[in-house]
Structure formats: C-alpha cells, structure tokens
Amino acid sequence: SISILERGNFLFWCSEEESCLLVNEEGVLQDRPEALEEYRAPHIYLVDEMRKPVVTGEYVVTAQFLSFVSGLSQAFSEQADILIQEKMFLPSKYADELRIETDKNFSLRITPDIPIEQTLNTLRIVREKAIPKDRSADLVAVDLRISGKAFYQLRNEAPQEAVDTLNQEPATSSQE
C-alpha cells in the first residue's frame, strides 16, 4: 500500500552560506538534501540575515507563519500582478517580518500580523495613488509592516509615507 501526501511548497531555512534545511509543517528543521533537488514543487527559501547556525530538529517558525509564507506567491501574482522571488529574507528567526524582492525591481517589507488582503490593498493604493505614473519605475522599496500605512522610497529620494485611508479607523472626537 502506498500513501501519498501532496505538498504545496518546499520551504527551506537558510542560515549560513549554502546551508539550507527543509522546514516541515510544524516549523521544525529536517535534513533532507534530496528535497533541494526536487523541482516538481516550488521552493521557498527563508534566509536568516543574522546567519545564526541551526541544527536538524530545531524549531524555527510557527505553522501560521509557514502558511502565510506559502500563500504569498499566489496572492501577489493573482491580486497585484507581481511575481516575488523564491528567496525571502528575515532579520532573524525571532522577527515576525519578511523582506521580499519582486520582479518589478522593488522590495517589500511585510508582516504576517496584517492580513495579506490588507497588505495588498495598501500596496495597490501606494502604486496607483501615491506614486506619480511617470515615476512608477523608480519605486525601490515599500514598507507595509504598519496597519493602514505604507512607507515607500523612490530612486534618488528620501523615504515617504502614504496612508491607506480605506483601512483607517474613523477619527472620533470626545465631547465632555
């Protein structure tokens, strides 16, 4: 009898140069070098920018974080017409944020604390309303880690802030 478990993506944790271990569904590292050679499923590489050594059996991320990361490529492709690179960068294994590179030559900083739909909506507002059409190719980076706000940078300019008014709570006034 053969049982088959369909797998969406192969997720790898990379902590040192050329050193990547497979991350299982629970966020635990496994030494499965044959998975690196398996190309029938997409690969996602979570790169720890602190480059701290890790070992097989170590817990590195939550299952919720893995689920978030696994859905990013499809969400960005379908809803924003953006392809994201297979390498995603984390400041450390303790940080709950990602830096991702896009095919449009700008990087994004995102967090799983904000639903991806809200993140994509805020990005859409930045790209369509905050940045002049003639400067869209000059976009270098967008930081979407704060709910309802975005910080973006155009080539040869200082970072700027754009407010996502669709997700802002209405201002309340108190009268006493």
Side-chain angles (χ1 to χ4, degrees), residues 1-124 126 139-152 167:
S1 127
I2 298 174
S3 64
I4 299 174
L5 175 64
E6 183 178 352
R7 185 174 181 110
N9 298 311
F10 281 110
L11 290 148
F12 296 94
W13 184 268
C14 304
S15 62
E16 298 177 76
E17 200 67 38
E18 304 292 323
S19 174
C20 297
L21 294 172
L22 184 67
V23 180
N24 72 13
E25 292 80 11
E26 290 83 39
V28 177
L29 297 176
Q30 297 178 331
D31 189 12
R32 308 275 302 275
E34 67 276 5
L36 285 165
E37 304 302 320
E38 175 59 62
Y39 286 103
R40 289 179 286 183
H43 289 191
I44 297 173
Y45 299 92
L46 300 173
V47 179
D48 175 10
E49 294 181 313
M50 293 291 291
R51 301 196 179 276
K52 297 283 185 184
V54 290
V55 295
T56 301
E58 186 174 342
Y59 175 81
V60 288
V61 291
T62 66
Q64 293 84 0
F65 187 83
L66 291 175
S67 177
F68 175 80
V69 167
S70 293
L72 287 177
S73 291
Q74 182 176 357
F76 274 89
S77 175
E78 291 175 359
Q79 297 178 37
D81 194 30
I82 293 174
L83 298 176
I84 58 176
Q85 306 298 319
E86 63 185 9
K87 284 187 178 179
M88 300 179 189
F89 302 89
L90 296 95
S92 78
K93 72 178 184 178
Y94 304 108
D96 207 17
E97 63 184 65
L98 288 167
R99 178 176 53 86
I100 55 179
E101 301 294 328
T102 71
D103 68 329
K104 309 289 188 212
N105 297 320
F106 61 84
S107 66
L108 298 167
R109 289 195 178 272
I110 61 173
T111 176
D113 296 337
I114 301 172
I116 192 62
E117 296 79 19
Q118 184 179 342
T119 297
L120 287 167
N121 187 51
T122 304
L123 178 61
R124 181 186 57 77
V126 168
L139 185 61
V140 175
V142 183
D143 187 337
L144 300 160
R145 295 175 292 174
I146 299 174
S147 182
K149 291 189 178 200
F151 299 89
Y152 65 94
N167 291 315

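For clarity, every value in this text was computed on a predicted model and none was experimentally measured.
The two residues Arg32 and Leu22 have their closest heavy-atom pair at CG-CD2, 3.7 Å. In terms of heavy atoms, Ser15 sits closest to Pro53 at OG-CA, 4.1 Å. Considering all non-hydrogen atoms of both residues, Arg124 and Asn121 come closest at NH2-OD1, 2.7 Å. For Tyr45 against Cys20, the heavy-atom pair with the smallest separation is CD2-SG, 4.2 Å.
With values rounded to the nearest 0.5 angstrom, Asn24 atom CG is found 10.5 Å from Tyr59 atom OH. Within the model, atoms OG of Ser107 and CD1 of Ile100 stand 9.0 Å from one another, a figure rounded to the nearest 0.5 Å. The structure places OG1 of Thr102 at 8.0 Å from CG of Leu139, a figure rounded to the nearest 0.5 Å. We find the CG-CG distance between Asp113 and Asp96 to be 4.5 Å, quoted to the nearest 0.5 Å. Here the straight-line distance linking atom CD1 of Ile116 with atom CD1 of Ile110 works out to 5.0 Å at 0.5 Å rounding.
Residues passing the side-chain hydrogen bond (donor to acceptor under 3.5 Å, both in side chains) test with Tyr94, sequence neighbours excluded: none. Checked against side-chain hydrogen bond (donor to acceptor under 3.5 Å, both in side chains), Asp143 has the following partners two or more places apart in sequence or in another chain: Arg145.
Note on ring orientation: taking the six-membered ring where Trp is involved, the planes of Phe10 and His43 are perpendicular (angle over 60°, cut-offs 30° and 60°).
Thr111 places no side-chain N or O within donor-acceptor distance of the main-chain N or O of Ile114, the cut-off being under 3.5 Å.
Two residues are said to be in side-chain contact when any heavy atoms from C-beta on lie closer than 4.5 Å; Ser92 and Lys52 fail this criterion. Glu58 places none of its side-chain heavy atoms less than 4.5 Å from the side chain of Trp13. The side-chain heavy atoms of Cys14 and Leu46, taken from C-beta on, include no pair separated by under 4.5 Å.
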Which donor-acceptor pairs under 3.5 Å do side chains of residues 66-91 form with protein atoms, sequence neighbours excluded?
| unit_1 | atom_1 | unit_2 | atom_2 | d |
| --- | --- | --- | --- | --- |
| Ser70 | OG | Leu66 | O | 2.9 |
| Gln74 | NE2 | Glu78 | OE2 | 2.9 |

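Between Phe151 and the options Ile146, Val142, Val126, a side-chain contact (heavy atoms from CB on, under 4.5 Å) holds for only Ile146.
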Evaluation steps, salt bridge (Lys or Arg N to Asp or Glu O under 4.0 Å), between Arg99 and Glu97: CA-CA 7 Å; Arg99 178 176 53 86; Glu97 63 184 65; over 6 Å; no
From CA spacing to verdict: side chain to side chain contact (heavy atoms under 4.5 Å, CB included), Leu98, Phe65: CA-CA 10 Å; Leu98 288 167; Phe65 187 83; 3.8 Å; yes
